[in-house]
**Student:** 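I am attaching a structure below and will ask some questions about it afterwards.
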Amino acid sequence: MVRIAVVHDEKLLRSALVQLLRSDDTLDVSSHCLDADGPELSAALPADVCVVDGECLTGPQDAGAGRLRARYGDRLVVLATAKRPGVLRRAFDGGALGLVDKNAPAHRLITAVHTVARGERFLDETLTVALLKGAEMPLTTRELGVLTLASQGAPIAEIAARLHLSRGTVRNYMATAVRKVGARNRVDAIRIVQSAGWT
């Protein structure tokens, strides 16, 4: 038996994934909520593989994602979509062995789980181009930081103060970011960056 932990914030989707995986009688499946403040994940039984939605892995600063990586290491099977290359890239860079397209047939997830349980990499072929696009994120860390603060409603003066930059430098970073992502303006640049999953 391969022990599987399904981690998802949304109960309905989590239970659907559990039912799908339980259709294979060689899998022993449990489910957990990724709540950074809750005890459920830390009390979870050991598992050979963890299946998690890529949207739950929001980056290295996220406490829940950090706990998942600490608990399961590279034995993560991440569900993602080609429309969010930044999410894919974070999962890949975070060491996840499995990347499965959310639009793939059900048997692909079961195949991915068995592949990762053997310690091998599984990459859905429909995600390969998106993964490469995720590697091509055009913004520097500073430009992305400026856009992220702007997306939270921070004005230029506040962004400058928080990042210890001059207002002119913040405007330059903003203009460069808008140009690099091919946006019409700051709002469009924020939309593009968020849609790609780079923030």
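The analysis underlying the following values was restricted to heavy atoms, covering all of them including side chains, and did not include hydrogens, waters or symmetry mates. Values in this document were obtained by computation on a predicted structure and should not be read as measured data.
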**Student:** What are the two closest heavy atoms between I190 and S151, and how far apart are they?
**Tutor:**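 Heavy-atom minimum between the residues: CG2-CB, 3.4 Å.
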**Student:** Would you call E10 and R14 a salt bridge, taking side-chain N to carboxylate O under 4.0 Å as the test?
**Tutor:** no
**Student:** How would you list all residue pairs meeting side-chain hydrogen bond (donor to acceptor under 3.5 Å, both in side chains) that involve residues 174-186, not counting sequence neighbours?
**Tutor:** E143-K180
**Student:** Indicate yes or no: does D188 engage R191 in a salt bridge with an N to O separation below 4.0 Å.
**Tutor:** yes
**Student:** Would the distance check show the side chain of T128 and the main-chain N or O of E125 forming a donor-acceptor pair, the cut-off being under 3.5 Å?
**Tutor:** yes
**Student:** In the hydrophobic clustering (ILVMFWY, side-chain contacts below 4.5 Å, transitive), which residues join I4, or is it alone?
**Tutor:** V2, V6, L17, V18, L20, L21, L27, V29, V49, V51, V77, L79, L97, V100, L109, I110, V113, V116, F122
**Student:** Is the shortest side-chain heavy-atom distance between D74 and R121 below 4.5 Å?
**Tutor:**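 When only atoms from C-beta onward are counted, R121 and D74 do not touch, as no gap falls below 4.5 Å.
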**Student:** Under the 3.5 angstrom rule, does the side chain of R84 hit a backbone N or O of Q194 as a donor-acceptor pair?
**Tutor:**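 Between the backbone of Q194 and the side chain of R84 there is a qualifying donor-acceptor contact (under 3.5 Å).
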**Student:** Quick one: CG on L147 to OH on Y173, what's the gap to the nearest 0.5 Å?
**Tutor:** 12.5 Å
**Student:** For T169 and S166, what are the C-alpha separation, side-chain angles and deciding distance, and is it a side chain to side chain donor-acceptor pair (under 3.5 Å)?
**Tutor:** CA-CA 5 Å; T169 301; S166 72; 2.8 Å; yes
**Student:** Salt-bridge test for R108 and D124: reply yes if a basic N is under 4.0 Å from a carboxylate O, no otherwise.
**Tutor:**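 Result for this pair is yes, salt bridge flagged.
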**Student:** Starting from the C-alpha separation in whole Å, work towards a yes-or-no answer on salt bridge (charged side-chain N to carboxylate O under 4.0 Å, His left out) for R3 and D28.
**Tutor:** CA-CA 5 Å; R3 296 169 303 174; D28 178 20; over 6 Å; no
**Student:** Could you check whether atom CZ of R167 has more than 12 heavy atoms from other residues, nucleotides or ligands sitting under 6.0 Å from it?
**Tutor:** no
**Student:** Give a yes or no answer on whether the side chain of R75 reaches the backbone of A47 with a donor-acceptor pair at less than 3.5 Å.
**Tutor:**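 Such a contact is found between R75 side chain and A47 backbone.
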